[in-house]
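Each residue takes its place number in the sequence, starting with 1.
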Amino acid sequence: MLQNYLQSAIGELSFVKYSLSGTEIPLTVTLAATLVIVLLITLRKKLTFNRIIGWIIIIFLFWVGQKSTDYYFNHEYYELQYNWHYFAYSIFAFLNYRALKDKNASDSKIIKYTFVIALLTSTFDEAIQIPLSSRIFDIGDISKDVWGVMIGIFFVYFILRNGDILKGNWKIRERKLKDYFKNPFSLLVFEFILAYIFMVTASILTDTTFSLSATFISLLIFTIVFLIIHLSQFKIPRIIIISSGIAIVGVLVFSSIANRNSGLKYINNHTLLYKGLPLYYFDIMIFPDGMVRPVDKKEVFYVRDQQTILDHTDDILIIASGSEGQGGKGFPQDKTTQFVYNTKKNKGQQVIILKNEQAIMKYNQLVSENKKPTLIYHNN
């Protein structure tokens, strides 16, 4: 019922628009604006500076979630179907808060248990979809649910309770590791850091085969960030951290300046050098202006993926399809070179699909000819 009717209905609602003075306005934006105005009028006596700032931050957190996931989907901020995870698990966090508060649980326990219960619930929800037709285990959805829970927890403590979490011990660092689980504000901050790292990592490793990798990489990055923050309060570790940071940044800056005109260099099946900077493991997209970002690691591009990629392409798209040419699938023709018509740009665009090393050679050749290709690199 949910998959076949409610979910699709929510998606269709997001695309309903009406014309006003020649401008197409989404219905969901109008409904949201109306709801905000009604709430402002109804709750005007309860508005405080903390709550106003809190609502602004919540809107920002929704925006961060939308911009950090489903890059190839390219959905708008107001599309409810793809942002539904944030709404649903924000409500879950509020209900879980009410249940735990009724049992006189401390704030640190509420924040900790809500996070863990949501993670387990979301994982179970994805797991039971495995045997279902046309459903998969999607770690990206789990990461969105966790981010939604963090938005809900933020709502509880900064809107519902007017930021009272800041009135107690609101320092981030603790001398002892066990104290991090007792300080509500510190616990909340590090849960946000973990949730964000997990969301970003899972959004570029969405395939089920990368679930363990996404989990391990998220925990590894979080552990490094946590140790840097924790150890920075002690003199000798702080000196080591600052010195190491300056050294690493210095090497990268020097390498970037020295190799700014060197283009792409193929190292092996897992590593590239782009203007002297190493790009390891993750798939990447290099835009016509030379900017680069990690993208979802995949071998098959569906229609919506292709449209997003082509929208960021001027004239030529190069797909580096892996060391054995296993990727780059899904385009209309199974050819090394083909032309596709971009209906949004109203122009034809060339798509070149080559194995990784050959794709890098082709990319560098076109750049040397003052052309501006887009590159998708499958870093396998």
Determine whether I319 and I352 make a side-chain contact, defined as any pair of heavy atoms from C-beta on separated by less than 4.5 Å.
no
Paired with I267, the side chain to side chain contact (heavy atoms under 4.5 Å, CB included) test is passed by just one of L279, L273, I360, namely L273
For Y281, all residues meeting side-chain contact (heavy atoms from CB on, under 4.5 Å), sequence neighbours excluded:
L205, F210, S213, I217, K297
For N379, side-chain hydrogen bond (donor to acceptor under 3.5 Å, both in side chains) partners two or more places apart
none
Run the numbers on F331 and L317 for side-chain contact (heavy atoms from CB on, under 4.5 Å), then give the verdict.
CA-CA 12 Å; F331 284 88; L317 169 65; 3.9 Å; yes
If the threshold is 4.0 Å, N to carboxylate O, is there a salt bridge linking D179 and K176?
no
Against W147, only a single residue in F198, Y89, F192 fulfils side chain to side chain contact (heavy atoms under 4.5 Å, CB included); can you say which?
F192
Taken in chain and number order and not counting sequence neighbours, the residues that satisfy side-chain contact (heavy atoms from CB on, under 4.5 Å) with Y280 are H270, T271
Is the terminal nitrogen or CZ of R293 (NZ for Lys, CZ for Arg) located under 6.0 angstrom from the six-membered ring centre of F287 and within 45° of that ring's axis?
no
Of Q349, K347, K345, K371, the residue whose pairing with D315 passes side-chain hydrogen bond (donor to acceptor under 3.5 Å, both in side chains)
K347
Got a sec, which hydrophobics cluster with I240, joining ILVMFWY side chains under 4.5 Å apart, including via others?
I236
Consider only side-chain N and O atoms of R173 and S186, and report whether a donor and an acceptor are under 3.5 Å apart.
no
Within 6.0 angstrom of F234 CZ, more than 12 heavy atoms from elsewhere:
yes
Sequence neighbours excluded, the answer for salt bridge (Lys or Arg N to Asp or Glu O under 4.0 Å) partners of D70 is K144
By the side chain to side chain donor-acceptor pair (under 3.5 Å) test, which pairs, at least two apart or in different chains, include something from residues 317-329?
S323-N380
Is there a path of hydrophobic side-chain contacts, each under 4.5 Å between heavy atoms of I, L, V, M, F, W or Y residues, that connects I284 with Y71?
no
Whether D311 and K344 form a salt bridge (side-chain N of Lys/Arg under 4.0 Å from carboxylate O of Asp/Glu) is what I want to check.
yes
